[in-house]
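I have placed the structure first, in the form of structure tokens, so that the comments after it can refer back to it.
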Amino acid sequence: LYSDEKMNTLKQQHGVVGYLDDAFMAPDPVREALRHNASVHRVLVGTDKTQESIDRHDLINYLTQKEQGNGREACVIFTSHMQQSFRYHVSISRFSGEANENVLEVSQARMLAPGVTDEQKAQMQGRVTQLEEDMEKHRPAIEELEKSLSELEANGQLMAARLGEAKKTLTQLAAAQQKLKTAKKKLKANEVAASTDMGDRKKELVKDMMNRIKNGLSSLETHNQCHVHMMTSTHTMAGVKINQDGLIAAERKALVALNEKKASSEEIGQKYNDTCERFKESKARLQECRTRADQIAPLRDENGNDTPLKAQLEELVVENLEEANVALEDANNKVNSIDANPDAVRQYEARQKEMEEVRQKLEEETDAKDTKLRALDQERQPWEAALENSVSKVNALFGMYMQELGCAGEVKLSKGDDGTGRGRNGSSNNDDDRVGNFEKWGIQIMVRFREGSKLQVLSAQVQSGGERSVSTIMYLMALQEMMVSPFRCVDEINQGLDERNERLVFKRIVANSTRPAKNKSDPTDHSGQYFLITPKLLPNLYDMESEEMTVLFIFNGPYNFKHPQDWNVRRFIDLIRQHKRKASQALEDGDAAAEEDVEHDENSPVGINGEEEQQGDDSRIPLKKRRKSTNAR
């Protein structure tokens, strides 16, 4: 990779030991495999002096310069500082040719630690034998020293503990200083990368953004049409509901009037029956009076001859039909005037006629109501089928997610007390039950967290807070698979969960938010960005290594204020005015890159000397989907 002359310079002036493949022993096939797969023959190994050269003499720039011709090339080098090791990986941007530096701290080896040779073992064995002989000679003195040592240890334990704490604090301080230097280097590399001319890339992004905007507008138009159709159907349903309520009220009013007419008719019929009874009694009395009259004033004598009374009565006999009708009417009037009500029959007939009209009108309105209910039922069927299809898909995903947790779950559509929307008695006479009482409809979540138990409705009276949180998260995950949204944001959704459930929930969130698109040509086929805001996360989460995920620590970076008094309001106002002038100039010139620089500066906290400070005391972690980037973060 490097010439002998440059390699000698690196070893003499910068403390470079050599290449990585020279730093270990291995069989030739293993060494060749590492060279081919890990390129260990192109990686440099340095010392503390190398780290000092990187910090003070810009060694990275010297390593990336090509020896022949212009341009720069990538490099990887390991350094050490204060018992810590670091890996510097420098890549070259394809667009601008600028170097992007990535610095990682190397942890101690656990499995492939360096061993010792047979010669070293023999030397150490001889050394051990010599030391054992010396120990036998000095054993009496050692015993006396051990007694003194035990006394000193009792007094020195406290001092040793304090010394250990001091060393630990010193090590942490040194590590923090090194992290500060590393972060500053990252910042410098990011600033260089941000200022790079990305014209071609920006054009591609602008073109892709325009396509997404067009697709979004098309989706909005489709949504608007669906919304108009839904509002029309809603208005129609509301009108039918209003007419239905009117018909029900009219029916009730007619039934009340009918009951009143029935009561009045029954009263008139009772009066008529009473009149008939009185008429019969009067007729019987008339016959009795006639019998008594024959006894008192007979029309014939004992010999059968007519008496003078008969002649007088015959003089009263009518001669024609008119006189008979008049006499009959007089007789009827006399009879009716005795006890009967002359308006009773007429009122009874009028009531019957009115009842018949009301009954006919009620039948017509009932037919109209049935027609509208049938039309409403035709509108309801496709809507209900689509709703049940969506609930079925959510149920399948929810059941799968709960099964991954070692539990069971089910989502179903509840339509009332007995599941049919007809009420507890199962009847369908009520019009609300016939068309569907949607006030009683809802989504019912059934869960089971223990083996041997049955599925139960999710509620605060049965499940614990953690179980309800897990069920809610899994339901949201299943529901979001049915939706298309550019991004989603949840706040502290992992709080209140035990460690096992929190790890499983985090795994599910990462799997859903990093799902690849099935149809890449469809701009709506994506899982969207997912922002998880939380004050803490569990350590050693296995899904943190996903390249589709970014972790941002808020108020916990190397450029926050060390003390609140470092805030300088006057300087901040001056910088804001200066940035606004730059932004105005950038808009006039059409320079979008300058505008991005202004926005970056406005979002940077400013200290009393215009520098960004370090170490806040709170952290909130947004988890979002991102594209893989070669720039150092």
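Side-chain contact annotation: Gln270 with Asp274, donor-acceptor N/O pair under 3.5 Å present. Of the N and O atoms on the side chains of Ser584 and Arg581, not one donor lies less than 3.5 Å from an acceptor on the other residue.
Rounded to the nearest 0.5 Å, atoms CD (Glu502) and CG (Leu538) are 3.5 Å apart. In this structure, CZ on Arg503 lies 11.0 Å from CG on Asp498, to the nearest 0.5 angstrom. Here the CZ atom belonging to Arg278 is positioned 10.0 Å from the NZ atom belonging to Lys271, to the nearest 0.5 angstrom. To the nearest 0.5 Å, the span separating CG on Leu362 from CG on Asp367 amounts to 9.5 Å. Interatomic distance, Arg577 CZ to Leu575 CG, rounded to the nearest 0.5 Å: 11.0 Å. A distance of 8.0 Å separates CD of Glu404 from CE of Met474, quoted to the nearest 0.5 Å.
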Stepwise salt bridge (charged side-chain N to carboxylate O under 4.0 Å, His left out) test for Glu356 and Arg359: CA-CA 5 Å; Glu356 186 65 26; Arg359 188 179 294 106; 3.1 Å; yes
Evaluation steps, salt bridge (charged side-chain N to carboxylate O under 4.0 Å, His left out), between Arg351 and Glu267: CA-CA 11 Å; Arg351 296 292 185 184; Glu267 182 180 357; over 6 Å; no
Gln456 vs Val447, side-chain contact (heavy atoms from CB on, under 4.5 Å): CA-CA, chis, key distance, verdict: CA-CA 6 Å; Gln456 295 179 320; Val447 293; 5.7 Å; no
Evaluation steps, salt bridge (charged side-chain N to carboxylate O under 4.0 Å, His left out), between Arg450 and Glu467: CA-CA 11 Å; Arg450 297 163 189 84; Glu467 292 173 344; 2.9 Å; yes
Audit row: Asn273, Glu277, side chain to side chain donor-acceptor pair (under 3.5 Å) steps and yes/no: CA-CA 6 Å; Asn273 294 331; Glu277 291 294 332; over 6 Å; no
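Between Val394 and Ala478, the shortest heavy-atom contact is O-CB, 3.7 Å. Considering every non-hydrogen atom in both Val358 and Ala254, the closest pair reads CG1-CB, 3.7 Å. Here the closest heavy-atom approach between residue Met402 and residue Gly409 is recorded as CB-N, 3.8 Å. Shown here for Ser469 and Leu497, the closest heavy-atom pair between the two residues is CB-CD2, 3.6 Å.
Counting non-hydrogen atoms of neighbouring residues, nucleotides and ligands closer than 6.0 angstrom, the CD atom of Gln381 exceeds 12 such neighbours. Under a cut-off of 6.0 angstrom, the local environment of CD in Gln403 is sparse, with at most 12 non-hydrogen atoms contributed by other residues, nucleotides or ligands.
Contact of the Met355 side chain with the Ser265 side chain is registered, since non-hydrogen atoms from C-beta on lie closer than 4.5 Å. Contact check for Lys369 versus Glu251: side-chain heavy atoms found under the 4.5 Å cut-off. Side-chain contact check for Met446 versus Val457: some heavy-atom pair is nearer than 4.5 Å. Val391 is not listed as a side-chain neighbour of Phe398, based on a closest heavy-atom distance of 4.5 Å or more. Using a 4.5 Å cut-off on side-chain heavy atoms (C-beta onward), Tyr401 and Ile473 make no contact. Counting heavy atoms from C-beta outward, Gln480 and Asn512 have side chains that stay 4.5 Å or more apart.
Here Glu388 pairs with Lys415 in a salt bridge; the nearest charged N to carboxylate O distance falls below 4.0 Å.
Under the 3.5 Å distance criterion, the side-chain polar atoms of Arg448 are left unmatched by any main-chain donor or acceptor of Glu410. Put simply, the side chain of Asn389 never gets that close to the backbone of Ala385: no donor and acceptor are under 3.5 Å apart. In this structure a side-chain-to-backbone donor-acceptor pair under 3.5 Å is missing from Arg468 to Leu458. Of the possible donor and acceptor atoms, one in the side chain of Asn259 sits under 3.5 Å from a partner among the backbone N and O of Leu255.
Ring geometry, Trp441 versus Trp383: the interplanar angle falls under 30°, so the pair is classed parallel (tilted spans 30 to 60°).
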